[in-house]
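The structure appears right after this line, and notes come after that.
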Amino acid sequence: MGAPTNYVPLDPRGWRLAMGLRALDESAWLETDERHGDELALKASLLTTNYADVVATSPHGGEGSRELLEHVVRFLEEHHPSRSRSTSPEEHPIVRASRLVQEDLCVLVKDDSWRLRAACVCFPSRWLLASKINTNLDEIHGPVPGYGQELARPTNGFFDRLTPERSFWRLNWTLLDSPTLFQPTTSRAAPSGELADWYFRVERQTLRQLPRSRAIVTSAATLSERDAQFVPTLLHSLETAPTSTQAYKGWTGVARRLRDAPGAK
Ligand code: HEM
């Protein structure tokens, strides 16, 4: 279990669009922390009130989802036995797997290209799951500035070369004015208020291939922290991001507001 401060992905050299992949220690595939009970309860509540927003499946993702559930159950028994519990066989396996862990889970299967075929995403950071199901990696990332030119080719190549023996992880981050984990919106509004009202939202994403189905699983855990210790680096990252990225992330004008704030430098 990593403390949130282990996951501050700010680059002192400034903002950059990068795959940022690192080798994953498989004993740390799925993490758990003191928010376990609260986040599982939140998932249960969203699965009751907003099922169509948080679950999307297709028959192509069934085999991968069943295998994913087996892996999640085995992982918990081995590494976090106190977190093991049973789930209802009547539910879709990706929902059952998701009810066991704090992470969001996505299964991608290759046919013409790698497509999202099953997902349970309770904590989206401003995107809509229903608009992504069955689309491929390039389409999923359509709104991300620079992705098509800089990341599409290496990401597709990475997925083609991924093997069950070696898994990876990466981080995304942004600034939001709300700690709400469930943000199913495409709004790109800049955070309101000032630094003390903002949350540094970090998503830790793991990528692994399942040996039997060859499906690729992405897990994404979200941390939303108030932490002003890194303001100078944050400021530098915000200021060096391209205008299109600032608009996509809802950062437009944020660096100036931060610079103008008393004591920010
Ligand atoms: C090596 C693999 C991947 C890379 C390098 C990558 C990269 C990125 C980047 C740079 C962003 C912009 C987000 C930000 O800067 O805050 C993004 C957004 C996103 N990624 Fe990925 N990603 C990868 C895999 C995946 C996978 C497997 C999924 C599966 C669902 C996924 C789903 C998304 C979604 C839904 C968004 C938000 C798009 C939107 O705003 O509509 N990504 N990704």
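In this text the structure is predicted, and so the values were computed from the model without any measurement. Note that these values count all heavy atoms, side chains included, but never hydrogens, waters or copies made by symmetry. Counting starts at 1 for both ligands and their atoms, following the listed order.
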Please state which protein non-hydrogen atom is closest to [atom] and give its distance, to 0.1 Å?
| atom | value |
| --- | --- |
| atom 41 (O) of ligand 1 | Lys132 NZ, 2.8 Å |
| atom 30 (C) of ligand 1 | Cys106 SG, 3.9 Å |
| atom 10 (C) of ligand 1 | Leu17 CD1, 3.7 Å |
| atom 39 (C) of ligand 1 | Tyr248 OH, 3.3 Å |
| atom 27 (C) of ligand 1 | Thr218 OG1, 3.0 Å |

Contacts of Tyr199 that satisfy ring-ring contact (aromatic ring centres under 6.0 Å, His included) - sequence neighbours left out: none
Select one of side chain, backbone, both or neither to describe which atoms of [X] lie under 4.0 Å from any atom of ligand 1, heavy atoms only.
| X | value |
| --- | --- |
| Arg201 | neither |
| Leu128 | neither |
| Phe168 | neither |

Residue and atom, protein N/O/S, under 2.8 Å of atom 21 (Fe) of ligand 1: His141 NE2
Distance under 4.0 Å to a non-hydrogen atom of [X]: what atoms of ligand 1 satisfy this?
| X | answer |
| --- | --- |
| Arg188 | 40 (O) |
| Leu108 | 27 (C) |
| Phe159 | 2 (C), 27 (C) |
| Lys249 | 14 (C), 15 (O), 16 (O) |

Any Trp114 heavy atom less than 4.0 Å to ligand 1: no
Flag, side chain of Asn50 to backbone of Asp53, donor-acceptor distance under 3.5 Å: no
All N/O donor-acceptor pairs, side-chain side in residues 121-133, below 3.5 Å, sequence neighbours left out:
unit_1, atom_1, unit_2, atom_2, d
Arg126, NE, Ser187, O, 3.4
Arg126, NH1, Ala189, O, 3.3
Arg126, NH2, Lys249, O, 3.1
Ser131, OG, Leu128, O, 2.7
Lys132, NZ, Ile140, O, 2.7

We want to know whether [X] and [Y] form a side-chain donor-acceptor pair, criterion being a heavy-atom distance below 3.5 angstrom.
| X | Y | result |
| --- | --- | --- |
| Gln205 | Ser219 | no |
| Tyr7 | Glu31 | yes |
| Arg201 | Thr174 | no |

Stepwise side-chain hydrogen bond (donor to acceptor under 3.5 Å, both in side chains) check, Glu67 with Ser213: CA-CA 7 Å; Glu67 191 180 2; Ser213 62; 2.7 Å; yes
Ring centers of Trp251, Trp198 separated by less than 6.0 Å: no
Near-ring test Phe75/His79, centroid separation under 6.0 angstrom: yes
Option nearest atom 6 (C) of ligand 1 (shortest heavy-atom distance, choices Arg115, Arg170, Met19): Arg170
Contacts of Asp112 that satisfy salt bridge (Lys or Arg N to Asp or Glu O under 4.0 Å) - sequence neighbours left out: Arg115
cation_pi(Arg208, Phe168) dist<6.0 Å, angle<=45: no
Where Arg66 and Pro93 come nearest, the two heavy atoms and their spacing: CG-CG, 3.7 Å
Plane angle bin for His141 and Tyr147 - parallel if under 30°, tilted between 30 and 60°, otherwise perpendicular: parallel
